[in-house]
Amino acid sequence: MPELPEVETVRQGLTQLVVGKTIAKVLVLWPKIIESPEVSAFSHNLVGQKINEISRRGKYLVFHLTDYDLVSHLRMEGKYEFFSEPSSELAAEEITGQLTVQELQDAFTKDELGGFPVTKHTHVLFFFTDGSQLQYHDVRKFGRMALLPKGTAGDYKGIARLGPEPTPEAFTLKEFKVGLLKSHKAIKPLLLDQHLVTGLGNIYVDEALWQAKIHPEQPANTLTDQEISRLRLAIIDVLKRAVAAGGTTIRTYLNALGEAGKFQLSLNVYSQTGKPCPRCGTPIEKIKVAQRGTHFCPTCQKLHQGNGRLVKKGAR
DNA sequence: AATACTACCTGCGTGC
DNA sequence: TGCACGCAGGTAGTAT
C-alpha cells in the first residue's frame with residue numbers, strides 16, 4: 001500500500017524505535033515473505049546483528065546491520081509494529097482468537113513467541129536483546145525481505161533498476177524529458193513503473209497529474225515542454241508535501257508508531273470521485289487506466305494531440 | 001525491446 | 001444471511 005511518503009514515515013518511526021538494538025532471535029511464520037537467503041539462513045544470520053541505521057530508496061527500506069543489509073518492501077499492506085515488552089495475557093487471547101490450533105502448532109509454540117501478541121497477519125518477529133520486539137505484519141502477504149551482504153543493497157535487483165529520487169537535484173528535467181519522449185505509453189503507467197523517477201504509486205501519480213493538468217492517458221511522447229516541466233515540479237512537490245504530512249491514510253496505512261497520516265486531507269482527486277475539482281468545480285471522474293483506478297478532472301486534464309515534434313501514428 | 005496482462009493474497013463493500 | 005464479484009498506497013514474471 002505505501003508509496004514513498006508512507007515508507008519514509010515508517011523509516012523515521014523505525015529509526016526512533018529500533019536503531020541501536022541487537023537482534024537476539026528471529027521467527028519467520030510465513031516463509032514466502034523471505035526472498036533470500038532460505039529462511040533458516042535468514043533467521044540464523046540475523047542473530048547478534050545490530051541495527052546501525054535505517055535508510056530508504058524509493059519504496060524500499062534498508063536496515064543497515066553489523067554485517068548485512070536487510071532490504072524490506074511493504075508492497076500493498078506491509079506494516080511494522082513495535083512492542084517494548086511482552087504482554088502474556090494479550091498474547092494468549094490473541095493466539096486462540098486469531099489462529100487455529102493447527103496453524104499454531106504448525107508454525108511455533110507459545111513458548112517460542114515469548115509472550116508477544118501474534119495474529120494470523122504477523123509473519124516475521126525480530127526479538128531484541130533488551131526484551132523488545134519488532135513484528136512485520138502483512139494482510140495480503142505481498143511484502144518481501146532479503147538479507148544481503150553489507151553494502152550491497154544498491155545492487156539488489158529491485159533497487160538497482162530504480163530511477164532517481166524525486167528531488168530537484170536527482171530528478172533532472174533533462175533526463176526526465178529524454179525518458180518521456182522515448183515512450184509511447186500512457187503517462188500514468190509510465191510513472192508507476194519507477195524507471196524515470198521513483199516513489200510514485202496510485203495515489204500520488206493521480207495527484208501529480210492533476211496538479212500538472214495532464215490527462216493520465218496522454219502518451220508520454222506527446223507531452224509538451226511546458227507539461228514536462230510542470231509535471232516534474234508537481235511530482236517533487238506532491239511527494240514532499242505528503243512526506244511532511246506523514247503520508248496518506250485512506251484505508252489501512254499506519255506508520256511504525258501506529259499513527260495515521262494526514263495527507264488525505266490534502267487530496268485533490270484520489271478517492272474524490274464525484275466531488276468538485278478544487279480548481280474548476282467539474283466533478284472528479286474515476287476511470288481505469290492500465291488496470292488501476294484513476295481519478296482526474298475531465299475539464300482541467302484534457303487529452304490533446306502531439307507536441308509539435310514528430311509524432312508517430314497511434315498517439316492521440 | 002517495449003508494452004500488456006496476470007499472479008501473488010486477504011478482507012471488505014455491494015448487489016442479487 | 002449467503003454468495004459472487006469487484007476492488008484495494010505494488011511489483012515481478014510471463015506472454016505478445
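This structure is a prediction, so every number in the text was calculated from the model and none was measured.
Using a 30° and 60° split on the angle between ring planes, A/Phe63 and A/Phe126 fall in the parallel class, below 30°.
Distance from the side chain of A/Arg161 is smallest to C/dA12 among C/dG10, C/dA12, B/dT3. Of the candidates C/dG13, C/dG10, B/dT3, C/dG10 carries the atom nearest the A/Arg292 side chain, counting heavy atoms from C-beta on.
For residues 228-246 of chain A, the side chain to side chain donor-acceptor pair (under 3.5 Å) pairs, not counting sequence neighbours, are A/Gln211-A/Asp237, A/Gln211-A/Arg241, A/Asp237-A/Arg241. Residue pairs that meet the salt bridge (Lys or Arg N to Asp or Glu O under 4.0 Å) test with at least one member in residues 271-291 of chain A, sequence neighbours left out, do not exist here. Each salt bridge (Lys or Arg N to Asp or Glu O under 4.0 Å) pair with one or both residues in residues 33-54 of chain A, not counting sequence neighbours, would appear here, but there are none.
The stretch residues 54-64 of chain A touches DNA chain C through A/Lys59, A/Tyr60, each having a heavy atom under 4.0 angstrom from the strand.
Look at the P atom in both C/dC7 and B/dC5: the space between them is 15 Å, to the nearest Å.
A/Lys213 pairs by the salt bridge (charged side-chain N to carboxylate O under 4.0 Å, His left out) definition with nothing, not counting sequence neighbours. Every salt bridge (charged side-chain N to carboxylate O under 4.0 Å, His left out) that A/Glu8 has, sequence neighbours left out, goes to A/Arg11, A/Arg56. With sequence neighbours left out, A/Thr299 forms a side chain to side chain donor-acceptor pair (under 3.5 Å) with A/Thr282. With sequence neighbours left out, the side chain to side chain donor-acceptor pair (under 3.5 Å) criterion links A/Lys188 to A/Asn202, A/Asp206, A/Thr294.
Apart from A/Ile284 itself, the hydrophobic cluster it occupies contains A/Trp210, A/Val269, where clustering links Ile, Leu, Val, Met, Phe, Trp and Tyr at side-chain heavy-atom distances under 4.5 Å.
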What does the 5'-to-3' dot-bracket notation of DNA chain C look like when only Watson-Crick and G-U wobble pairs under 3.5 Å count, and pairs to other strands show as |? .|||||||.|||||||
Treat primed atoms plus P, OP1 and OP2 as sugar-phosphate and everything else as base, then score nucleotides 8-15 of chain B 5' to 3': B for base contact with protein heavy atoms under 4.0 Å, S for sugar-phosphate contact only, - for none. BBBS----
Check nucleotides 14-16 of chain C for protein N or O atoms closer than 3.5 Å to its own N or O atoms and list the pairs.
none

